[in-house]
Amino acid sequence: MIEELNLGEVPSVFICPISLEPMQDPVTLCTGQTYERSNIMKWFSLGHYTCPTTMQELWDDTVTPNTTLHHLTYTWFSQKYVQMKKRSEDAQGRASELLGNLKKVKGQARIQTLKELQRVVANHSTARKTVVDEGGVALLSSLLGPFTSYSVGSEVVAILVNLSLSSESKMSLMQPAKVSSVVDVLNEGSIETKINCVRLIETLMEEKDFRTEVVSSHSLLVALMRLVRDKRHPNGHLPGLGLLRSISALKEVRGLIVSIGAIPQLLGLIPVLNPECVEIALFVLDVLSTVPEGKQALKDCSNTIPTMVKLLMRITECCTDYALSILWSVCKLSPEECSLTAVDAGLAAKLLLVIQSGCSPVLKQRAAELLKLCSLNYSDTIFMSKCKLTRTIQ
């Protein structure tokens, strides 16, 4: 009962002050405070002989079963559980009824039916199971196609992302017309709808028989980048970048990602992203640097080198790794031009910092190789001065 009920509804008197979870075996201390037996016994075993809530020293470490509270707790949960079960059964029946209606209605009535089905499915696991068991996924999938309106498409996607999709269902949704319909919704939708589209596409990509051409779409990638760079809705950055990371892992699509201008867009976005998103963006840029057009696009961006230098030793070791890899790709492509720019941006000092840090040996080796590459264009004296080192370190 505890697992299936929303703990936000549970009266505070039933909650153990230590674990903040409902008590199943409440016991009371001499101070009058009540705790879950297992939690207070663990407190004692750690050598504490005080009341955790009041911090009073205990004059008696006896714990007394609180049978009244146990009875009240059990009664309250039992009543709630019966109510919840009834709601679940009602939700099952309503989901089944809505699926039946969906086969008959059209126009505005279809949209309203989908909206209600989406609400039921979002709130009840039993309704989700009913939709799957009664062939609802195939019915919903059939509503996606070249003539699907945005209103219908957005509701269908919102329902599908809440369901457990079989391999057969995923393969059906990979049909070009259905994918195109989802992409149209991704282009036009609210931020919530766009995130739902991203989640659905990611679900399709998990299928072992996934076909690369599903995401080899110029319009899909453009819509995805629009979501990623939308500064008004930062909650779309992480899901958008997550899908872009999955797509960029496919070698066949990397050139297309570069061709839509993803590299300058990601570089411009990095300063406003949170650390988790920065790491994903760097991963994508690093992957794109493995194709010739990606290397060239990174070299042609004036802020590639300053941004990567700034990120060294700033966020995580992974970020430093990706930044070093990108700098290596760019400097290797045009050693004289890019190495000079990198050193002027303070790269040499940052690389020495990496080498002296607690980073992994592989990372230190990469930093040493990049430092060597950058030093080839200078005399020793000038390069040392560029490193901005103290006399001792020199």
Does the side chain of Thr193 come under 3.5 Å of the side chain of Ser190 through a donor N or O and an acceptor N or O?
yes
Between Cys197 and the options Val161, Leu243, Val185, the side-chain contact (heavy atoms from CB on, under 4.5 Å) test singles out Val185
Within the distance-only criterion (no hydrogens, no angle test), does the side chain of Ser141 pair as donor or acceptor with the backbone N or O of Val137 below 3.5 angstrom?
no
Could you state the interatomic distance from CG (Leu250) to OG (Ser216), rounded to the nearest 0.5 Å?
7.5 Å
Please check this pair: side chain of Ser45 against backbone of Lys42, looking for a donor-acceptor N/O pair closer than 3.5 Å.
yes
Assess the side chains of Arg110 and Asn101: does a donor N or O sit below 3.5 Å from an acceptor N or O?
no
With hydrophobic residues grouped by side-chain heavy-atom distances under 4.5 Å, do Leu333 and Val330 end up in a single group?
no
Inter-residue atom distance Leu327.CG - Ile305.CD1, 0.5 Å rounding:
6.5 Å
Is it the case that Glu36 and Ser19 place a side-chain donor and acceptor less than 3.5 Å from each other?
no
Shortest non-hydrogen pair, Thr130 vs Leu99, comes out as O-CD1, 4.4 Å
Atom pair CG/CD1 of Leu298 and Ile326 - distance to nearest 0.5 Å
6.5 Å
Quick one: does any side-chain atom of Ser180 pair with a main-chain N or O of Ala177 as donor and acceptor, under 3.5 Å?
no
Check whether any side-chain N or O of Lys295 sits under 3.5 Å from a backbone N or O of Ser289 as a donor-acceptor pair, and report yes or no.
yes
Just by distance, no angles: are the side chains of Glu134 and Ser96 close enough, under 3.5 Å, to form a donor-acceptor pair?
yes
In chain order, what residues pass the side-chain contact (heavy atoms from CB on, under 4.5 Å) check against Thr316, with sequence neighbours excluded?
Glu279, Cys318, Cys319
Judged by atom type as modelled, is there a donor-acceptor pair below 3.5 Å linking the side chain of Tyr35 to the main-chain atoms of Thr53?
yes
For the backbone of Ala109 and the side chain of Thr113, can you confirm whether one donor and one acceptor N or O come within less than 3.5 Å of each other?
yes
Consider only side-chain N and O atoms of Ser172 and Ser169, and report whether a donor and an acceptor are under 3.5 Å apart.
no
Tell me yes or no: between the side chains of Asn196 and Glu192, is some donor less than 3.5 Å from an acceptor?
no
Take a 6.0 Å sphere around NZ of Lys115 and say whether it holds more than 12 heavy atoms from other residues, nucleotides or ligands.
no
Taking the side chain as every heavy atom from C-beta outward, state whether Glu21 and Ile15 have any atom pair closer than 4.5 Å.
no
Drop me the distance from Lys251's NZ to Thr290's OG1, to the nearest 0.5 angstrom.
8.0 Å
Report yes or no: does Arg128 contribute a side-chain atom to a donor-acceptor pair with the main-chain N or O of Val121 at less than 3.5 Å?
yes
Enter the distance from Cys331:SG to Lys299:NZ here, rounded to the nearest 0.5 Å.
11.0 Å
Between Leu220 and Val214, is any pair of side-chain heavy atoms under 4.5 Å apart?
no
Determine, using the 4.5 Å side-chain heavy-atom cutoff (strictly less than), whether Val27 and Phe44 are members of one ILVMFWY cluster.
yes
For Pro146, does its backbone N or O pair with a side-chain atom of Ser181 as donor and acceptor, under 3.5 Å?
no
Any idea which heavy atoms bring Ser248 and Ile257 closest together, and the distance?
CA-CD1, 3.7 Å
Give the minimum heavy-atom separation between Ser167 and Glu207, together with the two atoms involved.
OG-OE1, 3.1 Å
List the atom of Leu173, the atom of Leu160, and the distance in Å for their closest heavy-atom pair.
CD2-CD1, 4.0 Å
Would you mind checking if Glu188 and Lys194 are paired as a salt bridge, meaning a charged N to carboxylate O distance below 4.0 Å?
no
So, does Glu155 use its side chain to make a donor-acceptor pair with the main chain of Glu116 at under 3.5 Å?
no
With the side chain counted from C-beta on, respond yes when Ile191 and Leu227 share a heavy-atom pair under 4.5 Å apart, and no when they do not.
yes
For residues Ile111 and Val105: do they belong to one hydrophobic cluster (side chain heavy atoms under 4.5 Å, members Ile, Leu, Val, Met, Phe, Trp, Tyr)?
no
Evaluation steps, side-chain contact (heavy atoms from CB on, under 4.5 Å), between Gln24 and Thr73:
CA-CA 8 Å; Gln24 299 179 60; Thr73 305; over 6 Å; no
Note: Gly294 and Ile263 closest approach over all heavy atoms is O-CD1, 3.5 Å
Report yes or no: do Val253 and Phe210 belong to one cluster of Ile/Leu/Val/Met/Phe/Trp/Tyr joined by side chain heavy-atom distances under 4.5 Å?
yes
Compute whether any side-chain donor of one residue and acceptor of the other, for Ser219 and Ser217, lie under 3.5 angstrom apart.
yes
Going through the checks in order, is the salt bridge (Lys or Arg N to Asp or Glu O under 4.0 Å) test met by Glu97 and Arg94?
CA-CA 5 Å; Glu97 182 185 348; Arg94 187 58 181 147; 2.9 Å; yes
Shared hydrophobic cluster for Ile18 and Met41 (ILVMFWY, side-chain gaps under 4.5 Å)
yes
Val278 and Ile270 have their tightest heavy-atom pair at CG2-O, 3.8 Å
Any sub-3.5 Å donor-acceptor pair from Trp43's side-chain atoms to Thr50's backbone N or O?
yes
Mind checking whether Pro65 and Arg37 have side chains closer than 4.5 Å, heavy atoms only?
yes
